[in-house]
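These notes concern the structure reproduced below.
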Amino acid sequence: MSETGAGQAHGAGHAPAAENVEYRVAHLRDRLAAEELGELGVRIEVRAGSVVVTGTVPSAQCRETVLRTVHEELAGLAVHTDVVVAETASPDHAEDLP
């Protein structure tokens with residue numbers, strides 16, 4: 001008997017690994033949208049065999065939640081993250097304009 005891979009159900013012409021990455025990224029997007037993080041400006045893209053997560057979040061706690069969720073959903077994949085915290089505090093001094 002031959003072994004069957006998860007990707008074979010979709011046809012022999014597709015790359016199972018690529019389909020798996022796209023599926024996992026779609027699941028991550030759904031999970032982020034369903035949780036309190038749904039309003040965030042976080043982008044998730046597959047580029048050159050790795051996943052790139054970029055965006056700006058309102059707090060350090062929110063950033064940690066996003067990163068934890070990304071690592072849970074995409075464990076074992078090459079993931080590059082650039083998620084920064086927006087500076088939402090009011091300035092402590094006046095801006096000097098020339």
Query raised in the report: Any idea which heavy atoms bring Thr56 and Ala86 closest together, and the distance?
Result: CG2-CB, 3.5 Å
Query raised in the report: Looking only at heavy atoms, what is the nearest atom pair of Leu74 and Arg24, with distance?
Result: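 Minimum heavy-atom separation between Leu74 and Arg24: C-NH2, 3.1 Å.
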Query raised in the report: Are Arg43 and Glu45 close enough for a salt bridge, meaning some N to O gap below 4.0 Å?
Result: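 Counted as a salt bridge, because a side-chain N and a carboxylate O are separated by less than 4.0 Å.
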Query raised in the report: So, are Arg68 and Glu64 salt-bridged, with charged N and O less than 4.0 Å apart?
Result: no
Query raised in the report: Above 12 or not: heavy atoms from other molecules or residues under 6.0 Å from NE2 of His71?
Result: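 Yes, NE2 of His71 has more than 12 neighbouring heavy atoms, counting only those of other groups under 6.0 Å.
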**Report entry** CD (Gln61) with more than 12 external heavy atoms under 6.0 Å
**Finding:**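 12 or below, so no.
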Within-4.5 Å side-chain heavy-atom neighbours: [X] and [Y]:
| X | Y | value |
| --- | --- | --- |
| Val53 | Asp82 | no |
| Val79 | Val70 | yes |
| Arg31 | Thr69 | yes |
| Leu67 | Thr65 | no |
| Leu77 | Val21 | yes |
| Val46 | Val25 | yes |

Report task. Is it possible for you to say whether Val83 and Val85 belong to one hydrophobic cluster, with membership spreading through side-chain heavy-atom contacts below 4.5 Å? Result -> yes
Query raised in the report: Rounded to the nearest 0.5 Å, how far does OG1 of Thr54 lie from NE2 of His80?
Result: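 With rounding to 0.5 Å, NE2 (His80) is 12.5 Å from OG1 (Thr54).
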Query raised in the report: Does the pair Ile44 and Val52 meet the rule for a side-chain contact (heavy atoms from CB on, under 4.5 Å), with working shown?
Result: CA-CA 6 Å; Ile44 307 160; Val52 179; over 6 Å; no
